[in-house]
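Only one structure is covered here, and it is reproduced in the block below.
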Protein chains: 4
Amino acid sequence: MPNKIRKIGVLTSGGDSPGMNAAIRSVVRTCAFHNIGCIGIYRGYQGMIEGDFKEMGPRTVNNIINKGGTILKSARSMEFKTPEGRKKAYDNLVKAEIDAFVVIGGDGSFTGALIFNSEFNFPVIGIPGTIDNDIFGTSHTLGYDTALNTVVEVIDKIRDTASSHNRLFLVEVMGRDAGHIALNAGIGAGAEEILIPEEDMGLDRLLDSLKKSKATGKSSSIVVIAEGDKIGKSVFELKDYVESNLPEYDVRVSVLGHMQRGGSPSCFDRVLASRLGVKAVESLLEGKSNLMAGIIADKITLTPLEQAIKGHSEIDRELLRVSDIVSI
Amino acid sequence: MPNKIRKIGVLTSGGDSPGMNAAIRSVVRTCAFHNIGCIGIYRGYQGMIEGDFKEMGPRTVNNIINKGGTILKSARSMEFKTPEGRKKAYDNLVKAEIDAFVVIGGDGSFTGALIFNSEFNFPVIGIPGTIDNDIFGTSHTLGYDTALNTVVEVIDKIRDTASSHNRLFLVEVMGRDAGHIALNAGIGAGAEEILIPEEDMGLDRLLDSLKKSKATGKSSSIVVIAEGDKIGKSVFELKDYVESNLPEYDVRVSVLGHMQRGGSPSCFDRVLASRLGVKAVESLLEGKSNLMAGIIADKITLTPLEQAIKGHSEIDRELLRVSDIVSI
Amino acid sequence: MPNKIRKIGVLTSGGDSPGMNAAIRSVVRTCAFHNIGCIGIYRGYQGMIEGDFKEMGPRTVNNIINKGGTILKSARSMEFKTPEGRKKAYDNLVKAEIDAFVVIGGDGSFTGALIFNSEFNFPVIGIPGTIDNDIFGTSHTLGYDTALNTVVEVIDKIRDTASSHNRLFLVEVMGRDAGHIALNAGIGAGAEEILIPEEDMGLDRLLDSLKKSKATGKSSSIVVIAEGDKIGKSVFELKDYVESNLPEYDVRVSVLGHMQRGGSPSCFDRVLASRLGVKAVESLLEGKSNLMAGIIADKITLTPLEQAIKGHSEIDRELLRVSDIVSI
Amino acid sequence: MPNKIRKIGVLTSGGDSPGMNAAIRSVVRTCAFHNIGCIGIYRGYQGMIEGDFKEMGPRTVNNIINKGGTILKSARSMEFKTPEGRKKAYDNLVKAEIDAFVVIGGDGSFTGALIFNSEFNFPVIGIPGTIDNDIFGTSHTLGYDTALNTVVEVIDKIRDTASSHNRLFLVEVMGRDAGHIALNAGIGAGAEEILIPEEDMGLDRLLDSLKKSKATGKSSSIVVIAEGDKIGKSVFELKDYVESNLPEYDVRVSVLGHMQRGGSPSCFDRVLASRLGVKAVESLLEGKSNLMAGIIADKITLTPLEQAIKGHSEIDRELLRVSDIVSI
């Protein structure tokens, strides 16, 4: 490990999320604040292997705090999974006189960073950037709050037409392994029921709930479904199932898809990104490594990357009860 | 036909669209302005058959100008397609002392109105309300401008993630028979190519265009596709086709669906709705019937409902050329 | 105090904020869930004095979760500050068989509740609803998160024109006694400097910072100023001061004003409102009183109303340092 | 005049407006489509004088169609008002081998272009870019539609708080000489009254209208006021006047200011910008000059710059009547 950090690299890796640009801006400017250099590494680890680097200064990141996506681009790199690929990446970092890097991404990106560190003793700090909020060691990942707002805004529009026509909408949102988006956006959107990977509510309960809904005079309903729900049916199969069992319902499907990853970040995500960028750079300057900057109980914290990867970001089960109550 | 109009009914029928509430508000208040009664007819023609009526005054429609959907609800009515159904509807109108009605909807709703008028000589004026802009006799239908904004805002979000990952997105928008949304939102969203029902561009041209795109250094692309495009493949089949022919592309699909029908109306749609509501009521008061209030060349006009149904709202083919140029 | 709660009143009081409707919906539905009655009290304490009550059921609050403002209206009541006023209010509550109430509002509303409780031993739970986030015992008040997003979205627009013209904008945001909005929205909007009531940065530092800005090549700047900043000049006087001292700057002023109080609540505010509503009602049912439901470290908590009123919601001073760094 | 156009300059001048970037993109890409060069001229005429030029290609304008402001920046130039300044500008154009230019701006920008053309016989086409919609020869200027949406969205937020508190809001919008924004956004926002430069409604009528409002049970009201209204009082003086004459009203003021100039352009403005850019470049290639590309009755047209400057863009007086009716 270099005795002194003089230049820091920054990259975004894995799926992009709103707030990544704000985090890049913060990393770049914190470097400038502490009078050290900053290098943007393009297209994640693949760009590290290809030496796709660019010097970044405070003015390079003007007017990006409010932009979705990532100006450094992102990519998944097969080559970085090989020792040869990582060796190339290391050589490039050395050649560019980069002494440490900040990686903004999710589990997979952190795993790559840990392996890289174990091989080359290269200092690295992670910043959790993914809309799924499925990373242990932080109550919020970058982009999650923005995605929640995107989802409720879209469901608000769907509700306009649902309630004009007395229809049931099945809305699929992102979340293969984690129900955070479905659960929170579902409550925020006033969903009748919410299906998440963490909880097998069963088809019977769903039908019961929809029957009761009609009985209590609800004229339209929204069911929010995480991609990885436990029902084991696609959202289109679920539509058929509901329609065949509850013919009184006119069911429509909406799969929100990638729009959930984009958009201008919310204020929360911008502030969080700014704070995490400062923490990441200053932690490197203090000689720390293999940690993730996160937020717990409104305070910026550091968690070992290893824990961040292995741990599981649990949903707040009290929210399931709140959902049951407020959707009565 | 009554010699004098003392009470006017208003209903929304067919698919809902943003601006319908603003039009209802305008109809109700124009009635109040001219000191005649106004009755809201719920759930379209079905509510007319069931006598689902409610008196409306200026304060009934407070704070709805900015709301999506329709407070009068909408429905499709099989029963109104039968003489018996229409007779029931007529009896209800007579009983409620309604002398004329304004129907806000699309082709199907206007056809119902014409048949009803031919049977009972009942005065009726139509207001075009559909996001598809597929009605002859008006350059803009209510909700169309709002839907265009909804679509470009969503594609802006998709572009954030597309350009972060150098991906190709196939985005399906509404428009079974008309390419207005795809063509205009496609240009507005900076789409690479636009597939519409009115024009068979052929698969070869699409592939050529995508190849050229890569060659000229475009790193990501959006293709906007109307539901009823001429390619004859579903958007998912198209993804497979592109990927097998252009393996350099990482293709994703997004089907925007019903969110396009909802949302707070744009200023344009609110003003248009206000103007059409005034025109519809005042036309009835002048003894007119069987006409649609619309806008042509920025002026409020009247078109015979029969023409509105039979005619076709052509796309502006110059826009195809503009799209080709600005997507270079 | 009644031995058993059979009917709960709910009111909104003081300045309105986004999320109040979501909280009303939650209170109403939690009552229904527990099979007790719920009465909406209109126009805050004034409506309590005038007996302006309406029974609320689960369907009364359909489709309001996403609406700004408060369907129960709000008002400030001089009469409630008198023992006679409060006696009238008490008599009305008794007559309506209301056994307890939930008040959604700020400091003033909670003070009224405490006095009322001390006189009549009437059970009451508070929910913090104000965009200013100036209430002790909760990290977030209802509406605060939404207001932050509103402010950054507006400043994003201002930045478009600021950077097109190389101008300096002084943007005044709400916050007479608390800098939460200015500090967080300032960081989120990428502000050059942030002036808040909690910190006297002095005019010299502001001028220095602006000079340095020009020197480092920033072409446009945003300064965010809380209403109650310590500078002791109005935002218009500040414009004159800056222009006379730094003639190289073309300075414009924007006072955001009441738009900050409105708008559809963010997902965060909707979920928080739902959780606080459940907690408030269930706390009353458990025999508790004189408490405020709030959120601390992401958990729903109860704080004595007396503390909530007397305590001060401190800003996070680390954010001042973050702002200095990321605005370099 | 050069016999053949091989290179075209493009600049934005005067106040910026949403859609300018989309127009720049269209000009640049239309040049590429026709295989001619394109030069971006920064900071309007001032940059022309200083030779602040940059070559633009199709990829230079990637991902700007949805951005507010202008990437070419804008500025007002005193020097361009002098023959010496214009001579410098001409010399720079000649040196850079620019054969013609497209100027995106308003009246003042067009006047400069005409004088320049008269002196140097230099081909120029104008594109109307201003949110005020005050240019003759086009039904819509670039940015006007977006500004209308911005204004109604902000007033929607203000209405939330207005109706929660039963208040009257005086909302000042842009428009020193033209009431287009006030009139259309006023109708779109459901304003009680609208004050514009084109019409002296008188203070008495305003008071009468507000009195009647209260009488008919309206609980809150919005009055939209153009900067250049005929009342001759500032919006703050108007507040005092209303409060002293109608003490039953609690009046608040909101001055929307520069946020109206920013924001992502609406679909309409993006499509219009794309069409006008194509028209401007192709008109130059056809040997035309001294014209403005505009839209009349939904068709792209050319109007002599001289007429565009001298003519007046009239408001549609029928809208005043519509406003009176729908605000009953």
Side-chain angles (χ1 to χ4, degrees), chain B residues 22 25-26 29-30 32-34 58-59 62-66 139 145 147-153 155-156 159 163 183-185 187-190 216-220 264-271 274-275 277-278 281-282 296-300 316 318-319 321-328, chain D residues 22 25-26 29-30 32-34 58-59 62-66 139 145 147-153 155-156 159 163 183-185 187-190 216-220 264-271 274-275 277-278 281-282 296-300 316 318-319 321-328:
Chain B
R25 172 181 179 268
S26 176
R29 292 191 170 175
T30 308
F33 184 85
H34 290 292
R59 296 291 75 76
N62 275 0
N63 294 330
I64 67 165
I65 192 172
N66 60 335
S139 63
D145 183 65
L148 291 181
N149 285 328
T150 299
V151 171
V152 297
E153 282 165 25
I155 300 184
D156 284 351
R159 191 212 314 272
S163 66
L183 185 52
N184 282 272
I187 292 176
T216 61
K218 275 204 185 179
S219 60
S220 62
S264 184
S266 67
C267 186
F268 178 89
D269 274 328
R270 298 183 194 190
V271 175
S274 301
R275 297 170 79 182
V278 170
V281 170
E282 296 190 339
I296 297 177
D298 304 321
K299 297 286 167 208
I300 301 304
D316 182 344
E318 173 66 9
L319 288 179
R321 203 176 75 86
V322 168
S323 171
D324 277 355
I325 294 172
V326 296
S327 65
I328 201 174
Chain D
R25 172 183 179 267
S26 175
R29 292 192 169 176
T30 307
F33 185 84
H34 290 292
R59 295 291 74 76
N62 276 358
N63 294 330
I64 67 166
I65 192 172
N66 59 334
S139 63
D145 183 65
L148 291 181
N149 285 329
T150 299
V151 172
V152 297
E153 282 165 25
I155 300 184
D156 284 352
R159 191 213 315 273
S163 67
L183 185 51
N184 281 271
I187 292 176
T216 63
K218 277 203 183 181
S219 59
S220 62
S264 183
S266 68
C267 186
F268 178 89
D269 274 328
R270 300 182 194 190
V271 174
S274 301
R275 297 170 79 181
V278 170
V281 170
E282 296 191 339
I296 299 177
D298 303 321
K299 297 286 168 209
I300 301 303
D316 182 346
E318 173 66 10
L319 288 179
R321 203 177 75 88
V322 168
S323 171
D324 277 355
I325 294 172
V326 295
S327 65
I328 200 172

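Note on naming: letters A, B, ... go to the chains in the order of the sequence lines (proteins, then strands), and numbering restarts at 1 for each one. What you are looking at is a predicted structure, and each value in this text was computed from that prediction instead of being measured.
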Contact leader toward chain D among B:Ser26, B:Ala297, B:Ser327, where contacts are heavy-atom pairs under 4.5 Å: B:Ala297
Taking the side chain as everything from C-beta on, heavy atoms only, tell me whether B:Thr216 gets closer than 4.5 Å to D:Pro58. no
Rounded to the nearest 0.5 Å, what's the gap from CZ on D:Arg29 to CG on B:Asp324? Could you check? 12.5 Å
Toward chain B, the part of D:Val271 with a non-hydrogen atom under 4.5 Å: both
Of the backbone (N, CA, C, O) and the side chain (C-beta and beyond), which part of D:Asp316 lies under 4.5 Å from a heavy atom of chain B, both, or neither? side chain
Side-chain contact, heavy-atom cut-off 4.5 Å: D:Ile65 with B:Val152? no
Would you indicate whether the side-chain heavy atoms of D:Phe268 and B:Leu148 approach each other to under 4.5 Å? no
Sorted by chain and number, sequence neighbours left out, side chain to side chain donor-acceptor pair (under 3.5 Å) with D:Arg25 holds for none
B:Arg275 vs D:Leu319 side-chain heavy atoms within contact, under 4.5 Å: yes
So, using side chain to side chain contact (heavy atoms under 4.5 Å, CB included) as the criterion, who are the partners of D:Asn66 when residues are at least two apart? B:Asp156, B:Arg159, D:Ser264, D:Arg270
Of the listed D:Asp298, D:Val278, D:Asn149, the one with the largest count of heavy-atom pairs under 4.5 Å with chain B is D:Asn149
Find the one option among B:Asn62, B:Ile187, B:Ile325 whose heavy-atom pairs under 4.5 Å with chain D are most numerous. B:Ile325
For D:Lys299, is it the side chain, the backbone, both or neither that has a heavy atom under 4.5 Å from a heavy atom of chain B? side chain
Region of D:Ala189 in contact with chain B, defined by heavy-atom distances below 4.5 Å: backbone
With heavy-atom distances below 4.5 Å as the criterion, would you say the side chains of D:Ile300 and B:Glu318 are in contact? no
Can you tell which part of D:Asp145 gets under 4.5 Å to a heavy atom of chain B, answering side chain, backbone, both or neither? side chain
Give me the atom names and distance for the closest heavy-atom approach of B:Cys267 to D:Gly188. SG-CA, 4.3 Å
Heavy-atom contact with chain B under 4.5 Å, split by part of D:Thr30: both
